[in-house]
Amino acid sequence: MNTIDAIKTRRNIKKFKSMEIDQNLILAWLEAATMAPNHRMTEPWEIYFIGPETREKLNHKTNFGNAPVVLMVLSKQGATTVETEENAMATSCFIQNFNLAAWAEGVGTFWSSIGITPKNREILRVPDGYDIIGVLGVGYPEVIPEPKPRTPIQNKISYLP
């Protein structure tokens, strides 16, 4: 699958098959994701694989679509507000790279913000000095939703003098 096709066909998957994913594939996609742009090579991302006990405590309304793998992606806070924001943006790029690498091989993801509440931060044992950028369900899609309409890009472009 070429890059444009991966970008245009990728969907947030809400229901997964129970099929396991080879751990080496996941590690390869995570490794590829590290090529995300990041200011001053801070590489601010940290990844936690979430096991069944923690997953049960989170009590996600769909159990992440029954994805066989759930992982959390954290971003290290910076010394300044600007650096913290730059790190969060870089980590978002890391997640998008991961999502596209997985999608290109037929594996979908579900990006959840479940980790932002204080209760869930505690359940997920998020260390001080880190922000949760996403909790991802990862697996082979059982259902691939149709694309939602997008605003034409020309409506989003402005030109400055």
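What you see is a predicted model, and the numbers here were worked out from it, not measured in a lab. Values below: every heavy atom of this structure, side chains too, minus hydrogens, waters and symmetry copies.
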Beyond-backbone contact of F98 with T109, side-chain heavy atoms, under 4.5 angstrom: yes
CA sep, side-chain torsions, deciding dist, call: E86, R40, side-chain contact (heavy atoms from CB on, under 4.5 Å): CA-CA 10 Å; E86 288 174 343; R40 294 176 296 286; 2.8 Å; yes
Contact check, side chains of N66 and K15, non-hydrogen atoms, under 4.5 Å: no
Candidate pair D131 and K76, rule side-chain contact (heavy atoms from CB on, under 4.5 Å), full reasoning: CA-CA 7 Å; D131 295 313; K76 186 171 179 47; over 6 Å; no
Single-linkage hydrophobic cluster V107~V73, side-chain heavy atoms < 4.5 angstrom: yes
Side-chain (N2) to main-chain (D5) donor-acceptor, under 3.5 angstrom: yes
Criterion side-chain contact (heavy atoms from CB on, under 4.5 Å) on T54 and K57, from CA distance to verdict: CA-CA 5 Å; T54 303; K57 287 179 186 174; 5.5 Å; no
Single-linkage hydrophobic cluster, 4.5 Å side-chain cutoff, I123 and I50 together: yes
Side chain to side chain, F110 and H60, heavy atoms closer than 4.5 Å: yes
Within 6.0 angstrom of E53 CD, more than 12 heavy atoms from elsewhere: no
Shared hydrophobic cluster for I47 and V69 (ILVMFWY, side-chain gaps under 4.5 Å): yes
Side chains of L124 and Y48 in contact at under 4.5 Å (non-hydrogen atoms): no
Donor-acceptor contact present, side-chain R55 to main-chain N63, <3.5 Å: yes
Whether over 12 other heavy atoms sit under 6.0 Å from E43 CD: yes
Step-by-step side-chain contact (heavy atoms from CB on, under 4.5 Å) determination, I26 to Q23: CA-CA 5 Å; I26 294 171; Q23 183 73 10; 4.2 Å; yes
Non-hydrogen atoms of P141 and W103 that approach each other most closely: CG-CZ3, 4.1 Å
Heavy-atom closest contact (N97 atom, M35 atom, distance): ND2-C, 3.9 Å
Polar side-chain atom of R10 near backbone of K8 as donor-acceptor pair, under 3.5 Å: no
Rounded distance (nearest 0.5 Å) linking atom NZ of K14 with atom OG1 of T62: 8.5 Å
Validation row: Q77, Y130 side chains within 4.5 angstrom (heavy atoms): no
Which atom of Y140 lies closest to which atom of G106, heavy atoms considered: CD2-O, 3.5 Å
Heavy-atom side-chain contact between F64 and V135 under 4.5 Å: yes
Minimal non-hydrogen separation, R11 against P147, with atom names: NH2-CB, 2.9 Å
Common cluster, V138/F49, ILVMFWY with side-chain heavy-atom separation under 4.5 Å: yes
CG on N120 to CZ on R125, rounded to 0.5 Å: 13.5 Å
Spacing of OG1 belonging to T151 relative to CG belonging to N155, to within rounding of 0.5 Å: 6.5 Å
I133 vs S113 side-chain heavy atoms within contact, under 4.5 Å: no
Check: N87 and N38 side chains under 4.5 Å, non-hydrogen atoms: no
Minimum heavy-atom distance P68-S18, with the two atoms named: CB-O, 4.4 Å
Heavy-atom pair of closest approach, residues I13 and P145: CD1-CD, 4.0 Å
E31 CD: over 12 foreign heavy atoms closer than 6.0 Å: no
W45 reachable from L27 in the ILVMFWY side-chain graph, under 4.5 Å edges: yes
